[in-house]
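See below for the structure under consideration.
In what follows, residues are counted from 1 in the order of the sequence shown. None of the values given here were measured: they were computed from a predicted structure.
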Amino acid sequence: TAHGIRIEDTTKYFRIRNNRIENAVNPLAGIYLDNAINGIIDNNLLENDYIGIHLRNQSENNRIENNTVDNSRDYMSIEIVESNYTKLINNTCDNAAYGIVIDTSNFVLLENNKTRNIEYQSFTVQDSQQDNLKNNKSENGGTGIRIQAAENNILFNNRLSNSTLFSNRSYGIWLNKSDNNILENN
């Protein structure tokens, strides 16, 4: 078993576009980048994958846009780990344990993304700085946005509704051990 698409150890421009990728099982991803820089992932449909899209290990300056990730029920839709300057725009994530997770990644933009039916956390930012979450929507899930041990992030104009679907401990926005964050018009 393998990742649907795997790109690693490159600084060359690349584009992953208009693909349907399904059934990547634990611990694999539909699209997996490891130390891959300067790419675009757009207009893909990812279904029934353990992780829909996974960037890690300095996969920086990548743009992830207009993708649909559905039914990552066992784990998460999109995970960005140790990958700075990533842009996630107009993605839709449905039916997963976790929606979009930003971990140890700085200067990340999440804009106009939508999540529905996310069991635990729709948008998570942890151990990261200076990320910007704006105009995102979360419907029918657990916690809408969780900020954990993260500093100097901006949350602007995000819409969160029905953050109680799967847990009695769900919050619209949950900040924990985080300093100097700006929350406005959410």
Side-chain angles (χ1 to χ4, degrees), residues 1-116 118 121-138 145 150 153-154 158:
T1 308
H3 299 287
I5 295 174
R6 179 179 181 152
I7 298 177
E8 61 185 352
D9 298 324
T10 185
T11 59
K12 302 292 184 189
Y13 170 81
F14 61 90
R15 188 169 201 164
I16 301 170
R17 177 184 224 181
N18 297 328
N19 297 286
R20 180 177 180 172
I21 303 168
E22 55 189 12
N23 301 319
V25 297
N26 183 355
L28 302 173
I31 297 173
Y32 178 84
L33 305 184
D34 186 341
N35 192 32
I37 299 169
N38 300 322
I40 297 175
I41 301 170
D42 65 327
N43 295 299
N44 297 287
L45 173 61
L46 299 109
E47 295 179 302
N48 303 310
D49 298 313
Y50 185 68
I51 302 173
I53 300 171
H54 188 183
L55 276 63
R56 59 169 298 174
N57 194 22
Q58 285 76 47
S59 291
E60 299 184 348
N61 283 333
N62 289 295
R63 186 177 181 99
I64 302 169
E65 62 183 336
N66 301 314
N67 297 287
T68 298
V69 181
D70 190 21
N71 206 23
S72 296
R73 180 59 61 199
D74 292 330
Y75 202 44
M76 67 183 65
S77 297
I78 300 173
E79 183 178 35
I80 310 299
V81 180
E82 297 174 346
S83 297
N84 301 328
Y85 304 100
T86 301
K87 294 180 181 177
L88 296 99
I89 301 169
N90 294 325
N91 298 289
T92 300
C93 303
D94 293 327
N95 305 309
Y98 295 89
I100 299 174
V101 176
I102 309 302
D103 186 356
T104 321
S105 300
N106 303 319
F107 307 101
V108 174
L109 171 66
L110 278 77
E111 184 174 10
N112 296 324
N113 297 287
K114 298 175 188 168
T115 65
R116 287 185 295 256
I118 303 299
Q121 296 158 12
S122 293
F123 301 99
T124 303
V125 176
Q126 59 191 27
D127 298 314
S128 301
Q129 296 183 15
Q130 298 188 19
D131 296 332
N132 190 342
L133 286 73
K134 62 181 182 178
N135 300 317
N136 298 292
K137 294 181 182 177
S138 169
I145 299 173
N153 299 289
I154 298 173
N158 298 289

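For Asn113 (side chain) and Asn91 (main-chain N/O), a donor-acceptor pair under 3.5 Å exists by modelled atom type. Side-chain atoms of Thr124 do not come within 3.5 Å of backbone N or O of Val101 as any donor-acceptor pair. Using a distance-only test at 3.5 Å, with no hydrogens or angles considered, a donor-acceptor pair links the side chain of Ser128 to the main chain of Thr104. Asn153 contributes a side-chain N or O that, together with a main-chain N or O of Asp131, makes up a donor-acceptor pair within less than 3.5 Å. When atom types are taken as modelled, the side chain of Asn84 and the backbone of Ser105 share no donor-acceptor pair closer than 3.5 angstrom. Distance alone, capped at 3.5 Å, is enough to place a donor-acceptor pair between the Asn106 side chain and the Gln129 backbone. The backbone N or O of Glu8 lies less than 3.5 Å from no partner atom in the side chain of Thr10, so there is not a single donor-acceptor pair.
Every pair passing ring pair (Phe, Tyr, Trp, His ring centres under 6.0 Å) that includes a residue from residues 20-49 is listed here, sequence neighbours excluded: His3-Tyr32, Tyr32-His54.
No side-chain heavy atom of Val108 sits less than 4.5 Å from a side-chain heavy atom of Val125. Residues Ile80 and Ile64 form a side-chain contact, since some pair of their non-hydrogen atoms from C-beta on lies under 4.5 Å apart. With contacts defined as side-chain heavy-atom distances shorter than 4.5 Å, the pair Ile7/Ile16 qualifies. Looking at heavy atoms from C-beta onward, Ile118 lies out of side-chain contact with Phe123 at the 4.5 angstrom threshold. Looking at heavy atoms from C-beta onward, Leu45 lies out of side-chain contact with Glu22 at the 4.5 angstrom threshold. With contacts defined as side-chain heavy-atom distances shorter than 4.5 Å, the pair Asn71/Glu47 does not qualify. Taking the side chain as every heavy atom from C-beta outward, Ile31 and Leu46 approach each other to under 4.5 Å. Between Tyr75 and Asn26 the shortest side-chain heavy-atom distance does not fall below 4.5 Å.
Interatomic distance, Glu60 CD to Leu33 CG, rounded to the nearest 0.5 Å: 12.0 Å. In this structure, CG on Leu55 lies 8.0 Å from CD1 on Ile53, to the nearest 0.5 angstrom. Asn66 contributes atom CG, which lies 11.5 Å from atom CG of Leu88 (distance to the nearest 0.5 angstrom). In this structure, the separation between CZ on Arg17 and CD1 on Ile41 is 13.0 Å, given to the nearest 0.5 Å. The distance from the CG atom of Asn35 to the CG atom of Asp9 is 5.0 Å, given to the nearest 0.5 Å. One distance of note links CD1 of Ile145 with OG of Ser122; it measures 8.5 Å at 0.5 Å rounding.
In plain terms, the two heavy atoms of Asp49 and Ser72 that are nearest each other are O-OG, 3.1 Å. Scanning all heavy atoms of the two residues, the minimum distance from Asn61 to Tyr85 falls at OD1-CB, 3.1 Å. Nearest approach of Ser83 to Asn57, heavy atoms of both residues: OG-N, 4.1 Å. Here the shortest heavy-atom pairing between Gly4 and Ile21 reads CA-CG2, 3.8 Å. Scanning both residues, Gln58 and Ile37, for their nearest heavy atoms gives O-CG1, 3.7 Å. The shortest non-hydrogen separation linking Ile40 to Tyr13 is CD1-OH, 3.7 Å.
At a cut-off of 3.5 Å, with distance as the only test, a side-chain donor of Gln126 or Asp103 sits close to an acceptor on the other residue. Checking Asp70 against Asn95 by side-chain atom types alone, a donor-acceptor pair falls below 3.5 Å.
When the ring pair (Phe, Tyr, Trp, His ring centres under 6.0 Å) test is applied to Phe14, no partner is found at least two apart in sequence or on another chain.
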- List the steps, then state whether side-chain contact (heavy atoms from CB on, under 4.5 Å) holds for Asn23 with Val25. CA-CA 6 Å; Asn23 301 319; Val25 297; 5.5 Å; no
- Item | Audit row: Arg116, Thr92, side-chain contact (heavy atoms from CB on, under 4.5 Å) steps and yes/no | CA-CA 8 Å; Arg116 287 185 295 256; Thr92 300; 3.7 Å; yes
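Between Arg15 and Asp42 a salt bridge is recorded (basic side-chain N to carboxylate O distance below 4.0 Å). A salt bridge does not link Glu65 with Lys87: none of the charged nitrogens is closer than 4.0 Å to a carboxylate oxygen.
For the pairing with Asn67, the side chain to side chain donor-acceptor pair (under 3.5 Å) check across Asn44, Asn19, Asn43 returns one residue only, Asn44.
Under a cut-off of 6.0 angstrom, the local environment of CZ in Phe107 is crowded, with over 12 non-hydrogen atoms contributed by other residues, nucleotides or ligands.
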